[in-house]
Protein chains: 2
Amino acid sequence: MPPPSNSARPNGKGLIELPDPLPEPAEGELKLEAVFAALADPLRLTIVRKLMLEAEAYDHTCGWFGFDRPKSTLTHHFRALRDAGLIQQRQYGLERRSRLRTEDLNRRFPGLLDLIRAWKPSSNG
Amino acid sequence: MPPPSNSARPNGKGLIELPDPLPEPAEGELKLEAVFAALADPLRLTIVRKLMLEAEAYDHTCGWFGFDRPKSTLTHHFRALRDAGLIQQRQYGLERRSRLRTEDLNRRFPGLLDLIRAWKPSSNG
DNA sequence: CTTCTTGTACGAGTTTTGTCAAACTGGTAC
DNA sequence: GTACCAGTTTGACAAAACTCGTACAAGAAG
């Protein structure tokens, strides 16, 4: 089964059904401290960066990232990112797919994503 | 005694003595994760923002910020900021004065200070 | 039905971080 | 000298965060 398209949106003629996003802070509720705290972890920074640079047109599962970590650890980090408002998650059957909240972040914290784009994962460290 | 001018710099004719900065990471050693971690604390975010927006031409002591916290707590936070490379500290006799590493930060993480400038201390959450 | 898969929930162990009091350091001023 | 003063250091404590194993839930596929 092909992954659900992320660009599917209501268009007035017909709706393409999309699962509701899991609970997340609204754009106006995003807190800079919380965003910084979420990005203080290298794994989470990698998740966000990978979503920004390598994501296809559809959302991605935990497995897509290829981390060699226990599932419970990944759940923890993805949840931290969603709680901080950096990613959005939708449940597609068994899979929980994530996407970056690019527009919200660019409106609320312009320049933030550029900082993450320029980050080099384990150089300069 | 007037506070030491921060714009005092060697000029080839005569030197104005300035204490050495306390140990700090070089510009090339700044780590984005560490910077984010340092800025995840509201008090530290306030320190940086105040240095950016209200600092005079000279460096500022802990007391200048007017925080109602024990001194050991402030020492802790200022050290965290210096370790992360956000501020520079110099010892003037008894006083330890801090300044923002504006140029280094702008070169290394362009846009970061703009994010902090736009932050509202205890609104939005 | 059973099995496989994707991921969550709970809980434990460990580490890190924030907070503060108490004692201390080293200048300055009298 | 003594007294003060800005700030550090140490050590303790609590709260939070990270990691992970185990058990569990629920959809997909045979």
Side-chain angles (χ1 to χ4, degrees), chain A residues 1-4 17-24 31 33-48 58-84 86-99, chain B residues 1-4 17-24 31 33-48 58-84 86-99:
Chain A
M1 170 180 100
E17 294 228 4
L18 217 52
D20 285 340
L22 303 190
E24 66 184 16
K31 295 185 210 165
E33 315 93 287
V35 167
F36 281 158
L39 294 174
D41 184 284
L43 184 64
R44 292 197 293 259
L45 205 42
T46 302
I47 291 172
V48 169
Y58 42 88
D59 302 347
H60 292 277
T61 66
C62 279
W64 174 77
F65 294 86
F67 295 126
D68 187 21
R69 296 291 195 88
K71 296 184 293 180
S72 46
T73 298
L74 297 181
T75 296
H76 166 71
H77 286 295
F78 278 92
R79 176 167 228 277
L81 287 171
R82 178 163 55 88
D83 285 347
L86 284 156
I87 66 172
Q88 179 176 81
Q89 294 185 291
R90 284 190 158 93
Q91 192 83 28
Y92 296 91
L94 276 185
E95 299 171 335
R96 181 167 293 195
R97 291 175 172 270
S98 301
R99 69 182 291 258
Chain B
M1 167 178 104
E17 293 229 6
L18 217 53
D20 285 338
L22 303 191
E24 67 185 15
K31 295 185 209 165
E33 315 92 288
V35 167
F36 281 158
L39 294 174
D41 185 283
L43 183 64
R44 293 196 292 256
L45 207 40
T46 302
I47 291 172
V48 169
Y58 42 87
D59 303 346
H60 292 278
T61 65
C62 280
W64 174 77
F65 295 85
F67 296 126
D68 186 20
R69 297 290 196 88
K71 296 184 293 179
S72 47
T73 297
L74 298 181
T75 297
H76 166 72
H77 287 295
F78 278 92
R79 176 168 227 278
L81 287 172
R82 178 164 54 87
D83 285 347
L86 283 155
I87 66 172
Q88 180 175 83
Q89 293 185 292
R90 283 191 160 93
Q91 192 83 29
Y92 295 91
L94 275 186
E95 298 172 336
R96 182 168 293 196
R97 291 176 172 267
S98 303
R99 68 182 293 257

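Lettering follows sequence order; numbering is per chain, from 1.
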Visitor: So, is A:Thr73 close to the D:dC20 phosphate, meaning a side-chain N or O under 4.0 Å from OP1 or OP2?
Guide: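 It does, given that an N or O in the side chain of A:Thr73 lies less than 4.0 Å from OP1 or OP2 of D:dC20.
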
Visitor: At less than 4.0 Å, is any side-chain N or O atom of A:Arg96 found next to OP1 or OP2 of C:dT8? Yes or no.
Guide: yes

Visitor: Sequence neighbours left out, what passes side-chain contact (heavy atoms from CB on, under 4.5 Å) with A:Thr61? Give chain and number order.
Guide: A:Trp64, A:Glu95, A:Arg97

Visitor: What is the distance from CG of A:Leu22 to P of C:dT6, rounded to the nearest Å?
Guide: 18 Å

Visitor: With rounding to the nearest 0.5 Å, note down the distance linking CG in A:Leu39 to CG in B:Leu39.
Guide: 11.0 Å

Visitor: Between C1' on C:dT5 and OH on A:Tyr92, what's the gap in Å once rounded to a whole number?
Guide: 19 Å

Visitor: With rounding to the nearest 0.5 angstrom, report the CD to CG distance, B:Gln88 to B:Asp59.
Guide: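 The CD atom of B:Gln88 sits 7.0 Å away from the CG atom of B:Asp59.
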
Visitor: For the side chain of A:Thr75, starting at C-beta, report the closest nucleotide among D:dT19, D:dC18, C:dG7.
Guide: C:dG7

Visitor: Would you call A:Phe67 and A:Thr73 a side-chain contact if the rule is heavy atoms closer than 4.5 Å?
Guide: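 Heavy-atom side-chain distance check fails, nothing below 4.5 Å.
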
Visitor: Please enumerate all residues that pass ring pair (Phe, Tyr, Trp, His ring centres under 6.0 Å) together with A:Phe78, with sequence neighbours excluded.
Guide: A:Phe65

Visitor: Take atom CG of A:Leu74 and atom C1' of D:dC18, then tell me their distance rounded to the nearest Å.
Guide: 12 Å

Visitor: Rounding to 10°, can you tell me the angle the first-five-pair axis of the helix from C:dC1-D:dG30 to C:dC30-D:dG1 makes with its last-five-pair axis?
Guide: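 If I round to tens, the end axes sit 20° apart.
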
Visitor: How many Å lie between CD on A:Glu33 and P on C:dG18, as a whole number?
Guide: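 My rounded result for the distance is 13 Å.
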
Visitor: Please pick, from D:dT8, D:dC18, C:dC20, the nucleotide with the shortest atom-to-atom distance to any side-chain atom of B:Pro70.
Guide: C:dC20

Visitor: Please check: side-chain N/O of A:Glu33 versus main-chain N/O of A:Val35, any donor-acceptor pairing under 3.5 Å?
Guide: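 Checked: no pair found.
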
Visitor: Atom CD of A:Gln91 and atom C1' of C:dT5: how far apart are they, to the nearest Å?
Guide: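 Answer to the nearest Å: 13 Å.
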
Visitor: Strictly under 4.0 angstrom, non-hydrogen atoms only: write out the protein contact profile of nucleotides 22-30 of chain C, one letter per nucleotide from the 5' end, B, S or -.
Guide: B---BB---

Visitor: Can you tabulate the close N/O pairs, meaning under 3.5 Å, that link protein atoms to atoms of nucleotides 12-16 of chain C?
Guide:
none

Visitor: May I have the distance from A:Glu95 (atom CD) to C:dT8 (atom P), rounded to whole angstrom?
Guide: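 Result: 12 Å.
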
Visitor: Within the 4.0 Å heavy-atom criterion, would you say A:His76 contacts the bases, only the backbone, or no part of the nucleic acid?
Guide: base

Visitor: For residues B:Leu74 and B:Ile47, determine if any side-chain heavy atom of one lies less than 4.5 Å from a side-chain heavy atom of the other.
Guide: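 No, too far: nothing below the 4.5 Å cut-off.
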
Visitor: B:Arg79 has an atom CZ; how far is it from atom C1' of D:dT9, in whole Å?
Guide: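 Distance check: B:Arg79 CZ to D:dT9 C1' gives 10 Å.
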
Visitor: Does B:Pro23 offer a backbone N or O that forms a donor-acceptor pair with the side chain of B:Arg82 under 3.5 Å?
Guide: yes

Visitor: Side-chain contact test, heavy atoms from C-beta onward, threshold under 4.5 Å: evaluate it for A:Leu22 versus A:Arg96 and give yes or no.
Guide: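 When only atoms from C-beta onward are counted, A:Arg96 and A:Leu22 do touch, with a gap below 4.5 Å.
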
Visitor: So B:Arg69, base contact, sugar-phosphate only, or nothing? Heavy-atom distance under 4.0 Å.
Guide: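 Since only primed, P, OP1 and OP2 atoms lie under 4.0 Å of B:Arg69, the category is sugar-phosphate.
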
Visitor: Roughly, in whole Å, what's the span from CZ in A:Phe78 to C1' in D:dC18?
Guide: 16 Å

Visitor: According to the salt bridge (charged side-chain N to carboxylate O under 4.0 Å, His left out) rule, which pairs have a member within residues 63-79 of chain B, sequence neighbours left out?
Guide: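 Listed once each, the pairs are B:Arg79-B:Asp83.
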
Visitor: Taking all atoms of both residues into account, what is the closest heavy-atom pair of A:Ala84 and A:Ala34, and its distance?
Guide: CB-O, 3.7 Å

Visitor: Give a yes/no on whether any side-chain N or O of B:Arg97 is located under 4.0 angstrom from OP1 or OP2 of D:dA6.
Guide: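 The answer is no; no side-chain N or O of B:Arg97 sits under 4.0 Å from OP1 or OP2.
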
Visitor: Any donor-acceptor pair under 3.5 Å linking the side chain of A:His60 with the backbone of A:Tyr58?
Guide: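 Yes, the answer is positive, given that a donor and an acceptor are paired below the 3.5 Å cut-off.
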
